[in-house]
Amino acid sequence: MIETPEFAPDIAGALNWARARIAIVDARILLRHVLQCSAARLAAYPEARLEEREWSEFRSLVERREVGEPVAYLIGEREFYGRSFMVGPAVLIPRPDTELLIELALAHFGDKPRTRVLDLGTGSGALAVTLALELADADVTAVDRSREALLVAMANAARLKASVSFVLGDWFSHLGGDRYQLIVANPPYVAADDPHLSEGDVRFEPGTALAAGPQGLDDLAAIAAEAPRHLEAGGWLFMEHGYDQAAAVRGLLTDAGFSSIASWKDLGGIERVSGGQWQGRGESR
Ligand code: GLN
């Protein structure tokens, strides 16, 4: 083990000390955060000495990472669909897999103006804000039952200059009779006793954003069952789910009366999103 330097070392020395404790990619991100510098500057000036204040800040971030705190919480941001979102322990850290929901929304609504969009369980606001910025003149509403999460989402919308209406509520509870053309959701879907919840970075994320009943299907089922009352005829629902839940979610969509039901694969080749179209009840077509 490399001894902790007593006085501030140079960039190379700081990274060398850190790499014995955490992944070097994480060490570089944390040091760039402390020095507020680009990857290029970090690489170009290995002999640049840290200030004592920078060294102590870096040391404390590395030590927190060493016991498992996610890098995104330590630096307060994470990139999603090419934009930086502020994140903190009140919200799930946006995952690259969730960009599939954006791609599906754009594939179905990218050429249509003024789409009425609902994002359920918005968390950091990553989906709502991205859709507000990527779809032409979209009318986006974002719901979360966590006040702390909504504050993060609102700050992200303001920072990224996205126009989104925010609603505090439990899924559809505070939306009255409003109907949408597109509903997206990345709800909690991990089984309550899944060992994944007590490993690695997810230990630090809000359990309410991750776990959903014995099989992880409780929230997916609630959303699928109620979505028809909030979709216009011809509207779509897309929900992210776990790696082994696609068939079950297609079943929930079938039970709720959806058509054109399908599942789509994420970057890892896993069926990660399922969805369907609502044709409107009582209309024969
Ligand atoms: N995919 C995430 C994980 O496995 C879970 C996200 C969610 O529950 N919506 O950590």
Side-chain angles (χ1 to χ4, degrees), residues 23 26 65 68-74 77-81 85 87-105 117-131 142-146 148-150 152-153 156 169-172 182-227 237-250 252-253 263-275:
D26 292 350
R65 178 66 193 137
E69 270 190 74
V71 172
Y73 289 161
L74 293 173
E77 65 180 320
R78 171 56 50 94
E79 192 178 294
F80 181 78
Y81 211 78
F85 284 79
V87 296
V91 301
L92 193 79
I93 298 164
R95 316 279 205 261
D97 294 338
T98 304
E99 293 182 357
L100 176 57
L101 278 171
I102 300 293
E103 278 155 25
L104 288 167
V117 181
L118 175 64
D119 173 22
L120 292 169
T122 195
S124 66
L127 287 171
V129 168
T130 301
L131 290 174
V143 171
D144 209 289
R145 71 173 177 202
S146 156
E148 292 71 32
L150 273 189
V152 175
N156 278 317
D170 205 351
W171 303 137
F172 299 96
L182 168 63
I183 300 178
V184 294
N186 174 18
Y189 54 70
V190 180
D193 65 355
D194 191 322
H196 172 65
L197 293 173
S198 50
E199 293 163 6
D201 289 17
V202 296
R203 285 175 298 150
F204 292 82
E205 294 184 283
T208 49
L210 287 160
Q215 293 164 308
L217 290 168
D218 288 10
D219 290 298
L220 291 159
I223 293 169
E226 252 199 278
L237 167 66
F238 296 113
M239 296 189 290
E240 179 175 321
H241 52 68
Y243 70 98
D244 56 355
Q245 293 171 328
V249 174
R250 289 195 300 269
L252 294 170
L253 292 165
S263 299
W264 292 270
K265 290 179 178 168
D266 65 16
L267 300 166
I270 290 163
E271 286 182 324
R272 178 61 66 188
V273 171
S274 294

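When a ligand or atom number is given, it counts from 1 through the structure's own listing order. Source: prediction; values computed, not measured. Just so you know, residue 1 is the first one in the sequence shown, and it goes up from there.
To the nearest 0.5 Å, atoms CG (D97) and CD1 (I270) are separated by 7.5 Å. With rounding to the nearest 0.5 angstrom, the OG atom of S274 is 9.5 Å from the CG atom of L237.
At under 3.5 Å, a nitrogen or oxygen of N186, whether backbone or side chain, sits near a nitrogen or oxygen of ligand 1. Looking at ligand 1, you'll find an N or O of R95 within less than 3.5 Å of one of its N or O atoms.
Every atom of ligand 1 with a heavy atom of P187 under 4.0 Å away is listed here by number and element: 7 (C), 8 (O), 9 (N). Near V202, with a cut-off below 4.0 Å to any heavy atom, the atoms of ligand 1 are 10 (O).
Contact check for T122 versus L127: no side-chain heavy atoms found under the 4.5 Å cut-off.
Side-chain atoms of E205 never come within 3.5 Å of backbone atoms of L92 as a donor-acceptor pair (strictly under, hydrogens ignored).
Counting protein heavy atoms only, atom 1 (N) of ligand 1 is closest to Y189 OH, 2.8 Å. Scanning the protein heavy atoms around atom 4 (O) of ligand 1, the nearest turns out to be H196 NE2, 3.0 Å.
Residues S263 and R250 bring a donor and an acceptor atom of their side chains to less than 3.5 Å of each other. No donor-acceptor contact under 3.5 angstrom links the side chains of Q245 and Y189, judged on distance only.
Proximity of A209 to ligand 1 is established by a heavy-atom distance of less than 4.0 Å.
Within the 4.0 Å heavy-atom criterion, neither part of A212 lies near ligand 1.
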